[in-house]
Protein chains: 2
Amino acid sequence: MNEQSKAWIDAETKIADAPEDHHDQLRLWLRLFTVARLMENEVRSRLQDQFDVTFPRFDILSQLYRVPEGLILGELSQRLMVSPGNITAVIKRLMDDGLIVRIQNPNDRRENIVRMTPLGTARFTEMAAAHEGWIRSLCEGLSPADVKSLMALLLKMKTSARRSLAKSR
Amino acid sequence: MNEQSKAWIDAETKIADAPEDHHDQLRLWLRLFTVARLMENEVRSRLQDQFDVTFPRFDILSQLYRVPEGLILGELSQRLMVSPGNITAVIKRLMDDGLIVRIQNPNDRRENIVRMTPLGTARFTEMAAAHEGWIRSLCEGLSPADVKSLMALLLKMKTSARRSLAKSR
DNA sequence: GACTTTTAGTTTAGGTATGAATTATATCGC
DNA sequence: GCGATATAATTCATACCTAAACTAAAAGTC
């Protein structure tokens, strides 16, 4: 078995290709998960190599970049879909790096607003440009129509999942 | 802002809905990532609550279930797309739980084959049935045709990404 | 057969992750 | 006002995860 063929074995490659049975949704989830992990791994490793930044930190910067006035920690935690306890430590490191600042809300002293510094914005701008290039390259086999269809179908999937979650609690 | 509306804010909700510009691929990646994380978080938390098992361990068991004769650690690492160093510890814990066994290959003493125990198979069978139910429920808003289209398009996306990665190294 | 190279796994250091318990602050109900 | 409740964030214990350095075993080279 050579390098090339080995690289193609992953979590969902080996599932039997039975046509149209009742496991289709499971297979869809596996495939989605595989693509997501494949791309995330690549982005993570390039962010580390080229910018010495971790994926979670980049993720936080992406959010803050879009909201110049800043976000409170809880909002950040919800948007990134990570636990509040997690945010604390990552924020601390981004502050140590001088990429973000954190200000206690004087009207509600429980809340802490974080926003980018000029340095953070400058650094993020470079990363974002490179990042978009990587993504474009990873997606180069998709036609504009494919991209459009996927956007619509994934939105439908997201909506489906959220509705299902809302029902179950 | 009530609970319901808060729950809908995530990493890609807030991006401007400009029609058809050159950032479509980036938005596609963001949406894919969001759906994947949403579903993974749900699966993870239910596995923990209902079976007291972590997602990574379930992931390993899924692979081993499909290959009764077992896999060597490196194959497992490739299929799951995680680093070899990671596998070591998780395998150790699954062995402590008695769900898998590990045997050194006598023909090549570098290789260690792991496979499920009867206990592991029994436990996994229960988990897998529940897991499939959760996924089905999360996907209930998708028609069979949606599922089919998504399978094809995600395969195309995976192929695109793999080809791009193969070129870049 | 000894020497280099390759391959399989482990170890280590540093950085996420979660859920549960805790602290500090705000708000509600009366 | 004031106790009960709710919310924002932190801390802690535990578990993952990666990259890089390392050990051990096998395979290739001469």
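Source: prediction; values computed, not measured. Below, read A as the first sequence line, B as the second, and so on, with proteins coming before strands; counting in each chain starts at 1.
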Quiz item: DNA chain C: B/Ile113 or A/Val82, which has the more 5' nearest nucleotide?
Solution: B/Ile113
Practice problem: Could you check A/Ala89 against B/Asn112 and say which one's nearest nucleotide on DNA chain C is further toward the 5' end? | Solution: B/Asn112
Self-check item: Gap between atom CG of B/Leu28 and atom NZ of A/Lys148 - 0.5 Å precision
Solution: 13.5 Å
Quiz item: So how far is it from B/Leu138 CG to A/Gln25 CD, rounded to the nearest 0.5 Å?
Solution: 10.0 Å
Do the non-hydrogen side-chain atoms of [X] and [Y] ever get within less than 4.5 Å of each other?
| X | Y | value |
| --- | --- | --- |
| A/Arg31 | B/Met151 | yes |
| A/Leu64 | A/Leu71 | yes |
| B/Val43 | B/Ile135 | yes |

I need the [atom1]-[atom2] distance between [X] and [N], as an integer number of Å.
| X | N | atom1 | atom2 | value |
| --- | --- | --- | --- | --- |
| B/Asn41 | C/dT16 | CG | C1' | 13 Å |
| B/Ile60 | D/dA15 | CD1 | C1' | 12 Å |
| B/Glu111 | D/dA25 | CD | P | 14 Å |
| B/Asp108 | D/dT23 | CG | P | 20 Å |
| B/Leu47 | D/dC16 | CG | P | 12 Å |
| B/Asn107 | C/dT7 | CG | C1' | 16 Å |
| A/Arg46 | D/dT18 | CZ | P | 17 Å |
| B/Leu80 | D/dT18 | CG | C1' | 15 Å |

Self-check item: ring-ring contact (aromatic ring centres under 6.0 Å, His included) partner of A/His131, the single match among A/Phe55, A/Phe124, A/Phe51, A/Phe58
Solution: A/Phe58
Within the structure shown, what part of the strands sits under 4.0 Å from [X] by heavy-atom distance: base, sugar-phosphate, or nothing?
| X | value |
| --- | --- |
| B/Asn86 | base |
| A/Gly85 | base |
| A/Ile87 | nothing |

So, OP1 or OP2 of [N]: does either fall under 4.0 Å of a side-chain N or O from [X]?
| X | N | value |
| --- | --- | --- |
| B/Arg109 | D/dA26 | yes |
| A/Arg110 | D/dA9 | no |
| B/Lys92 | D/dA15 | no |
| A/Arg93 | C/dG14 | no |

Exercise. Starting from the 5' end of DNA chain D, give me the residue, A/Thr88 or A/Arg44, whose nearest nucleotide shows up first.
Key: A/Thr88
Quiz item: So does A/Glu132 pair up with A/Arg136, basic N to acidic O under 4.0 Å?
Solution: yes
Exercise. List in numerical order all residues of residues 48-58 of chain A for which some heavy atom is under 4.0 Å away from an atom belonging to DNA chain C.
Key: A/Thr54, A/Pro56, A/Arg57
Quiz item: Does the pair A/Leu38 and B/Met81 meet the rule for a side chain to side chain contact (heavy atoms under 4.5 Å, CB included), with working shown?
Solution: CA-CA 7 Å; A/Leu38 184 62; B/Met81 294 185 277; 4.1 Å; yes
